[in-house]
Amino acid sequence: MKFELDPDASNNMPSVTYEESGGEAGSIKGPYQQCWEFPKFQASSGIIDMAHNEKSNDVAVILHLFYGDLLDEINYYLQNLSRFDLYISTPESNRELEGRIFALFPNAKIFYTENRGRDILPFIVIYKHIDLLEYKYFLKLHTKKSPHRENGAVWRTDVYSKLMGSPNVAKSVITEFEDNRAVGVIGPKGHVIDCQTYVGGNEKKIRELAKRVGIYKKEYFLYNFVAGSMFWARPEALRHLASLPLQIEEFEPEPLGPDGALVHALERFIGLSVTDAGYSIFEVDFQGKISQPEAKTVIHPYPFSAPDNLSVSGKRSMGQTRNPVKYVVYRIMMFFKKIRLLGALLYNNREKIMRMLLEVIKNPKTVRLILQSVRLVKERLNLLSLGQHEVGGAASRIVSDQIELTERVDEKLKKCLMYGQYVISISHSDYIHTVGGVEIVIMDEQKVCNKNGVAYLHFYPYFKHHSEWVLGIDPFYIGINCNGETVGVTDREGLLFALSELDLGKLLNVFIHHTIGFDVEFLDRILKVLGSKRGRFWLHDNFSLCPGYTLLRNDLIYCGVPDINSNACFICKHGDARRLQQPAFRKLFENNLLEVVAPSRFTLDLWKEKSSFATVSEKVAPHVNLNWTGALQSRQFNHPIRVGFLGYPVYWKGWETWMRLISKFSDDSRYQFYCFTSWPKSSDKMKWVSVSVTKDNRLSMVTALKSNKIDVAFLWSLCPETFSFTLYESLAAGCYALTYKDSGNIQAYLNQNPSRGLVLKDEQALFELFSGDDLNSLITEYQKNGRPQGEFLFLPEFD
Amino acid sequence: MHIFTSISLNYLPKARILASTIKRFHPDWTFHLLISDCLANENKSIFEEINLEQKPLFDRIVWIEELDIKNIYGWIFNHSVVEICTAVKGPFLQQLVSEGAEKIIYLDPDIAVFNSLDPLIDLLDDNAILLTPHLLDYSDNHQAISDNEIMGVMRHGIFNLGFFAINAAKRDGQRFAKWWGDRLLNYCYADYDRGLFTDQKWCDLVPAYFEDFCVVRDPGYNVASWNIDKRHVAMSENGQIQVDGKYPLRFYHFTGYDSGAGDSMTQRYSEGNQIIDEIWAWYGRKLQENEQNIYGSYKCFYNFYDNGVEITKDARHVYRQRKDLQEAFPNPYKTKGDVGNYPGGYYQWYLTENPMIPAPVDSIGVFKKLIPVNSKIRKIYSFLRKKLRQLRFEL
């Protein structure tokens with residue numbers, strides 16, 4: 001006797017052929033005899049034939065109830081689903097549960113099976129008919145206890161709660177299916193895993209199954225599958241499964257091992273089937289958040305059964321033994337995966353590599369320079385004897401300048417300081433070769449000084465350190481610029497000696513712009529040598545309050561700068577560094593007479609409240625002011641409101657909130673979304689505009705905002721900004737600003753000038769604003785006399 | 001004030017975190033580190049460590065061999081690593097009491113202290129025994145009932161023995177140390193069939209046997225994955241972590257960190273609580289700083305015979321159950337030298353006479369016939385059987 005499921009060529013829907021080949025040895029008896037055609041189901045009203053079954057809802061739940069004692073647990077979870085048709089397959093031995101099942105689910109249909117093919121065979125049987133009945137979506141469940149796993153119950157409840165743990169989960173799954181036609185299957189988060197890694201002993205069988213339905217691929221295993229075969233799906237995504245010609249005898253009789261049986265191959269084949277049908281497999285978590293699983297190139301450790309007993313953390317758990325054969329196979333597989341990735345890397349960067357090679361061929365000197373550069377860098381790393389310093393862009397300068405590391409710079413400095421009077425400036429970077437807000441301020445400062453006949457001497461840490469907080473690093477190298485030109489590089493003693501040779505009587509002031517990467521204790525020594533003991537300390541950011549200068553606890557949420565011994569600092573990744581850094585700053589302020597200059601009142605107030613360092617005086621000096629010059633044309637009636645994200649697309653600038661805003665409202669015809677950044681990418685949900693603010697083109701952001709007629713500037717900084725250029729740029733371009741309550745000087749400005757923007761308390765308030773009509777009214781009101789236009793007044797404060 | 005914890009060496013990074021977090025608030029408390037493991041003398045310099053205030057992190061280190069326990073090696077052999085690390089708590093508590101210690105706190109090594117434990121000192125003035133229950137409130141959530149009640153406290157005990165405190169100056173404090181210590185000497189096993197779970201299940205009897213005890217109901221103590229669903233952890237404006245709005249987080253129990261179960265259960269029940277995520281991330285960072293990559297994979301010395309072969313669970317059980325074997329092999333770890341009347345010691349006895357190897361199934365009937373005849377073939381069979389088991393073949 002032979003039963004086959006064959007695809008119907010005309011509509012690609014599965015149909016059934018039934019071949020009677022006589023009483024072969026080993027033929028199947030029992031309920032499956034009928035099931036390939038139209039299985040008989042037990043309903044509360046009596047036995048029904050699936051041929052005459054009618055669906056009542058759009059959603060079906062297909063449950064294989066092997067362990068009857070889990071019925072109550074299933075019932076508990078299913079209460080979170082509102083309306084569904086329930087199909088239960090269960091072994092004959094569970095017939096006594098019938099009354100209980102119908103008491104819980106009066107409309108359930110029960111299909112009695114023999115104990116063969118685990119949950120997969122009954123599922124295929126039922127699935128065929130669900131497909132015919134055209135359910136929109138279904139949920140496949142079973143009651144696996146996995147006694148071979150120690151954590152079988154944990155595994156099961158993890159899956160159940162992610163698939164149907166709350167009404168929200170089901171709701172968001174259905175919404176995702178409706179919104180995204182490409183999604184075929186949604187599995188529980190963490191259980192959608194990479195087949196290549198977790199193919200186990202099923203490789204041969206999967207290849208064979210694939211060939212049966214005409215899937216021929218070089219890479220059979222480059223897809224994900226849902227481990228445990230419990231998932232939400234749309235029926236058409238699994239059409240290969242129904243068209244699979246299978247004989248019941250192929251399913252091995254119980255008991256099965258933990259791997260290598262046909263059901264295990266089918267578990268993985270479902271993933272291939274979905275992928276080949278052009279659908280994706282997504283995953284859903286407890287809260288109903290739907291996402292794509294991690295890229296296949298990432299080794300995705302499956303917490304419940306990994307090939308070499310990988311635990312969640314990717315490390316082997318205590319007491320587990322490693323299966324040596326599987327481990328070796330796994331390592332070999334990983335090796336080839338790495339080779340493939342390397343190949344992809346080379347291929348993706350082929351143009352860059354070709355350019356480099358051509359360059360080398362054209363100019364053999366380049367090779368020498370590169371080698372020299374490598375040698376110098378190595379020497380320096382050896383000198384630093386740490387191997388943890390980033391040399392980055394410094395390498396090229398080392399080659400081109402041919403600077404001796406510990407060269408005495410005093411002679412050069414003397415020549416540079418021809419003006420007589422001079423100032424010393426200290427910051428975190430080489431402002432001549434680096435672009436940034438602080439660098440622009442320093443450059444302005446230098447120009448003003450030079451214009452007034454004052455030389456401008458600048459020091460910066462030559463090596464960028466991974467840790468921005470540096471104390472007692474030895475040797476410590478300092479780069480030196482004078483009047484906008486590179487002078488050289490020296491070490492601590494070289495600099496102190498050079499300074500001691502200068503005419504200190506002509507030193508007007510010391511400007512400390514930024515101390516990231518600068519040893520604060522050494523700074524104290526510099527000030528001591530200079531003898532002036534006076535200086536101006538700038539608060540360009542909050543680095544002097546905490547090395548985590550964004551003031552985001554664990555780089556996540558505004559911390560409020562609590563006491564250094566608080567729990568918040570204790571669990572923060574910047575806490576330990578802050579405990580070392582704060583005493584050094586305290587000493588710096590105690591030993592020297594420093595004037596503190598903040599670019600905004602908010603920043604100064606925060607700093608004074610949280611630092612309690614001794615200062616001579618304090619001052620607020622904004623980098624720029626606005627001169628209101630007139631009005632631009634207002635938005636035309638009924639035109640969409642144009643909303644723009646300005647600046648770096650990073651977490652602490654509110655990028656994640658922005659992306660959530662876009663995913664909610666990108667289809668809303670009332671809005672158009674723009675992103676103005678120097679790192680444009682492609683996206684169909686917003687328009688990307690490339691903007692680079694440079695020393696020579698400081699108004700490029702304003703120009704871009706104006707030309708794109710942006711109505712609303714999204715300035716959702718999660719951390720307290722000391723001075724937000726983007727605020728002034730957006731106001732100058734006539735934009736209405738939206739910001740978050742912790743955004744520092746942005747919210748401070750808008751709270752003082754409420755007509756120019758809105759401060760919102762959280763993301764929820766933002767979404768509500770966009771859902772309703774309030775934003776439209778606010779914009780209309782703001783632009784009633786045209787968009788207010790401003791002009792930048794650059795007013796760096798130099799006495 | 002005396003405080004102690006119990007580890008095998010792979011838990012050293014955790015014990016360091018515990019000690020440093022305690023010393024932060026209580027630099028004057030005496031911290032005893034009890035180690036159920038063994039390390040060559042020249043390697044013991046790893047314990048010459050100090051905390052930030054230039055004080056020793058561990059005031060006293062006690063190795064299991066130093067405990068006054070009769071036939072110590074046989075006793076250790078009876079226990080798995082988890083069992084032995086809990087079993088030693090009893091005898092060591094008795095030792096501390098006999099040395100004159102009064103207020104004594106025990107904390108599991110996978111605990112970290114976040115705020116002062118001073119309130120415990122006050123509680124010990126009025127009570128002889130302090131215990132924290134796993135759960136302070138029930139949940140109606142089916143999953144929580146299953147995980148935390150049915151699979152949790154109903155199997156493992158009402159109180160979590162990751163923490164207890166006694167005042168030995170009080171009568172019930174002394175009685176508790178005597179009773180509990182004696183039980184742990186003889187019955188500290190994870191033997192669910194007999195209703196035992198190491199040192200913990202015993203304490204279900206405390207409310208019956210002792211009057212002078214206190215259940216610490218402050219939710220700031222012993223926050224862990226089992227109770228996180230009923231404890232709201234948040235950060236106050238001044239940067240203090242608080243539980244249920246007003247109780248400072250005193251200590252957090254990172255149970256199941258290494259297996260991943262703790263993280264998985266915490267994620268399930270903390271409902272995306274960012275503070276909990278941050279606390280776990282902090283613990284992960286601290287473990288790395290404390291050389292988890294080096295010590296985390298240490299295998300306990302007492303898990304192996306002296307020839308390097310790992311001791312099986314069956315071998316322990318057979319030894320544990322048979323007094324005659326305990327007498328014949330007082331040090332069952334030894335396989336060479338003076339090992340008694342049986343060459344190769346208990347190791348060899350178990351290999352050749354092992355009563356726990358079940359009769360082979362019919363499919364390998366040929367082995368069945370050969371095995372009793374020739375001990376060499378039997379050894380080969382045992383070896384093959386072990387290897388096949390490692391390869392997940394079931395025999």
Side-chain angles (χ1 to χ4, degrees), chain A residues 72-73 75-77 79 148 150-151 153-158 160-162 165 190 255 257-259 285-287 289 301 303-304 310-326 553-554 556-557 559-573 575-576 579, chain B residues 10 21 24 52 80-82 112 114-115 141-143 145-147 150-151 235-242 248-249 257-265 267-269 271-272 274-275 277-286 289 292-293 296-297 299-300 303 310 387 389-394:
Chain A
D72 285 338
E73 190 173 324
N75 174 41
Y76 170 80
Y77 284 106
Q79 285 172 9
H148 62 278
E150 285 177 10
N151 56 358
V154 177
W155 178 87
R156 188 180 65 249
T157 45
D158 189 70
Y160 286 174
S161 50
K162 283 171 180 168
D259 193 31
D285 69 5
F286 298 110
Q287 295 163 330
K289 191 178 163 196
F304 298 94
L310 286 166
S311 71
V312 175
S313 58
K315 289 183 180 156
R316 277 150 43 73
S317 306
M318 275 172 61
Q320 287 181 323
T321 53
R322 173 181 278 169
N323 178 331
V325 175
K326 281 189 179 179
R553 191 182 65 243
N554 286 314
L556 289 170
I557 188 166
C559 66
V561 204
D563 183 83
I564 201 152
N565 292 313
S566 66
N567 291 157
C569 280
F570 187 61
I571 63 164
C572 178
K573 59 170 78 163
D576 287 346
R579 268 185 287 282
Chain B
N10 64 328
T21 56
R24 191 166 160 243
L52 278 179
S80 67
V81 177
V82 175
F114 288 88
N115 280 294
N141 177 304
H142 176 88
Q143 197 170 318
I145 294 168
S146 170
D147 287 341
I150 298 170
M151 301 295 287
M235 186 71 75
S236 73
E237 274 190 10
N238 61 2
Q240 187 178 57
I241 305 174
Q242 290 184 333
L249 174 67
Y257 186 92
D258 291 331
S259 69
D263 186 33
S264 142
M265 297 302 269
Q267 279 190 29
R268 173 175 305 161
Y269 289 113
E271 294 175 340
Q274 188 179 290
I275 304 294
D277 289 348
E278 287 181 59
I279 291 174
W280 274 79
W282 165 82
Y283 196 64
R285 287 198 305 273
K286 288 287 152 193
E289 284 172 22
Q292 171 79 356
N293 55 335
S297 55
K299 297 266 187 189
C300 180
N303 236 2
E310 191 164 2
K387 288 294 162 194
R389 270 193 178 162
Q390 282 178 4
L391 295 173
R392 306 264 169 82
F393 285 94
E394 288 300 325

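Keep in mind the model is a prediction, meaning the values are calculated, not measured. Because only heavy atoms are used, hydrogens play no part in the values below, and waters and symmetry mates are left out as well, while side chains stay in. Letters go in sequence order (proteins before strands), and every chain restarts at 1.
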Chain B contact via A/Cys572 - which portion, at a heavy-atom distance below 4.5 Å: backbone
Over all atoms of both residues, closest heavy-atom pair of B/Ile241 and A/Asn567: N-OD1, 2.9 Å
NZ-CD distance between A/Lys573 and B/Glu278, expressed to the nearest 0.5 angstrom: 9.5 Å
Toward chain B, the part of A/Phe286 with a non-hydrogen atom under 4.5 Å: side chain
Side chain proximity check, A/Asp576 to B/Arg285, heavy atoms < 4.5 angstrom: no
Proximity breakdown for B/Gln242 and chain A, heavy-atom pairs closer than 4.5 Å: neither
Close side-chain approach of A/Asn75 to B/His142, heavy-atom, < 4.5 Å: no
Rounded distance [0.5 Å steps], CD1 in A/Ile571 versus NZ in B/Lys286: 11.5 Å
Option in A/Asp72, A/Leu556, A/Val561 with maximal non-hydrogen atom pairs under 4.5 Å from chain B: A/Leu556
Smallest separation among heavy atoms of B/Gln143 and A/Ser161, with atom names: OE1-CB, 3.1 Å
Option that, when pairs with chain A are counted at under 4.5 Å, heavy atom only, ranks first among B/Leu249, B/Asn115, B/Asn303: B/Asn115
Neighbour count above 12 (heavy atom, 6.0 Å) for B/Glu271 CD: no
Residue pair B/Gly239 / A/Ser566: nearest heavy atoms and the distance that separates them: O-CB, 3.4 Å
Atom group of A/Tyr160 that falls short of 4.5 Å from chain B, counting heavy atoms: neither
Contact check, side chains of A/Asn554 and B/Trp282, non-hydrogen atoms, under 4.5 Å: no
